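Here's the structure we're looking at; comments come further down.
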Amino acid sequence: MKNFRVKFIGTLLIVAVIVLSFASYGIFKFSNIMTKMYPMFLNMKYPMLFLCESIVVVLIFAILFGIFALKKYGDGKVFGREMLFDLQVIALSFIGICLISILCIIYTDFNLDGSITNLIFIGISILSMLIAQIFLLLSDLIKEGIDLKVENDLTIWGRVWEK
């Protein structure tokens with residue numbers, strides 16, 4: 001059953017990377033449509049496009065490290081330094097998404113008064129910080145597990161040496 005779950009979740013993560021890749025292209029097309037409809041926002045096109053594409057790229061990066069962590073979980077290497085590293089990278093990626101969202105809010109606020117898109121970026125910022133906290137908690141749990149495993153291994157080897 002564990003093998004099925006790992007493959008199923010891995011497939012979903014790969015599909016998410018593919019969907020986000022298409023979304024990245026959709027953001028580019030959407031920015032072109034918006035600047036044709038509202039030429040007064042032409043000065044905001046490239047900075048906002050860069051910030052929004054950065055969010056997508058960092059999210060893809062986090063998902064790729066999620067795939068690596070899932071592979072380690074499937075191989076039974078949960079309590080290893082590599083798993084800890086993967087979870088910490090995922091958490092830092094979501095913190096990065098939060099910071100990029102805050103930059104989007106600041107940039108939009110300087111250029112537009114009362115932009116409704118700031119509500120979206122506030123939501124993205126809060127959600128990404130919550131997800132980052134979950135992955136930081138998971139990484140702390142894995143670190144505790146690694147410490148217990150090392151302590152247990154030392155205890156077993158100490159008993160072997162006593163005999």
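Not measured: the values here are computed from a predicted model. Worth knowing before you read on, the calculation uses all heavy atoms, side chains too, and leaves out hydrogens, waters and symmetry mates.
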TODO: May I ask you to test the Ile97-Ser93 pair for a side-chain heavy-atom distance under 4.5 Å?
DONE: no
- [ ] Please answer: with hydrophobic residues joined when any side-chain heavy atoms are less than 4.5 Å apart, are Leu20 and Phe22 in the same cluster?
- [x] yes
Open item on the list: Hydrophobic clustering (ILVMFWY, side-chain heavy atoms < 4.5 Å, transitive) - are Tyr25 and Tyr46 grouped together?
Closed with: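 No, Tyr46 and Tyr25 fall in different hydrophobic clusters.
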To the nearest 0.5 Å, how far apart are [atom1] in [X] and [atom2] in [Y]?
| X | Y | atom1 | atom2 | answer |
| --- | --- | --- | --- | --- |
| Leu87 | Ile142 | CG | CD1 | 6.0 Å |
| Met48 | Ile27 | CE | CD1 | 10.0 Å |
| Ile122 | Cys104 | CD1 | SG | 11.5 Å |
| Ile9 | Ile14 | CD1 | CD1 | 12.5 Å |
| Ile105 | Phe121 | CD1 | CZ | 8.0 Å |
| Leu49 | Met34 | CG | CE | 13.0 Å |

With a cutoff of under 4.5 Å between side-chain heavy atoms, which Ile, Leu, Val, Met, Phe, Trp and Tyr residues group with [X]?
| X | result |
| --- | --- |
| Val15 | Val19 |
| Ile106 | Ile102, Phe110 |
| Leu148 | none |
| Leu136 | Leu92, Ile95, Leu99, Met129 |

For residues 50-64, dump all side-chain donor-acceptor pairs below 3.5 Å to protein atoms at least two apart in sequence or in another chain.
from: Glu53; atom 1: OE1; to: Ser24; atom 2: OG; distance (Å): 2.3
from: Ser54; atom 1: OG; to: Phe50; atom 2: O; distance (Å): 2.7

- [ ] For residues 74-104, pull every pair meeting ring-ring contact (aromatic ring centres under 6.0 Å, His included), keeping only residues two or more places apart or in separate chains.
- [x]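 Sorted pair list comes back empty.
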Open item on the list: Among residues at least two apart in sequence or on other chains, which ones pass side chain to side chain contact (heavy atoms under 4.5 Å, CB included) with Ile120?
Closed with: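 Partners of Ile120 under the side chain to side chain contact (heavy atoms under 4.5 Å, CB included) test: Ile124.
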Open item on the list: List the residues meeting side chain to side chain contact (heavy atoms under 4.5 Å, CB included) with Asn111, not counting sequence neighbours, and say none if there are none.
Closed with: Asn43, Met44, Tyr107
- [ ] Name all pairs fulfilling the salt bridge (Lys or Arg N to Asp or Glu O under 4.0 Å) condition that reach into residues 10-31, sequence neighbours left out, sorted by first residue then second.
- [x] none
TODO: Would you list the pairs meeting salt bridge (Lys or Arg N to Asp or Glu O under 4.0 Å) in which at least one residue belongs to residues 54-74, sequence neighbours left out?
DONE: Lys71-Asp75, Lys72-Asp86
TODO: Indicate the ring-plane relationship of Phe65 and Phe68, choosing parallel, tilted or perpendicular according to the 30° and 60° boundaries.
DONE: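 Perpendicular.
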Task: With sequence neighbours excluded, residues passing side-chain hydrogen bond (donor to acceptor under 3.5 Å, both in side chains) with Asn32 - done: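 Partners of Asn32 by the side-chain hydrogen bond (donor to acceptor under 3.5 Å, both in side chains) criterion, ordered by chain and then number, come out as Lys45.
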Open item on the list: Tell me every residue that passes salt bridge (charged side-chain N to carboxylate O under 4.0 Å, His left out) with Asp147, counting only those two or more places apart in sequence or in another chain.
Closed with: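 Scan of Asp147 (salt bridge (charged side-chain N to carboxylate O under 4.0 Å, His left out), adjacent residues dropped) gives Lys143.
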Open item on the list: To check you understand the geometry: which heavy-atom pair defines the closest contact between Met83 and Tyr73, and what is its length?
Closed with: CE-N, 3.7 Å
Task: Heavy-atom pair with the smallest gap, counting every atom of Ala91 and Ala132 - done: O-CB, 3.5 Å
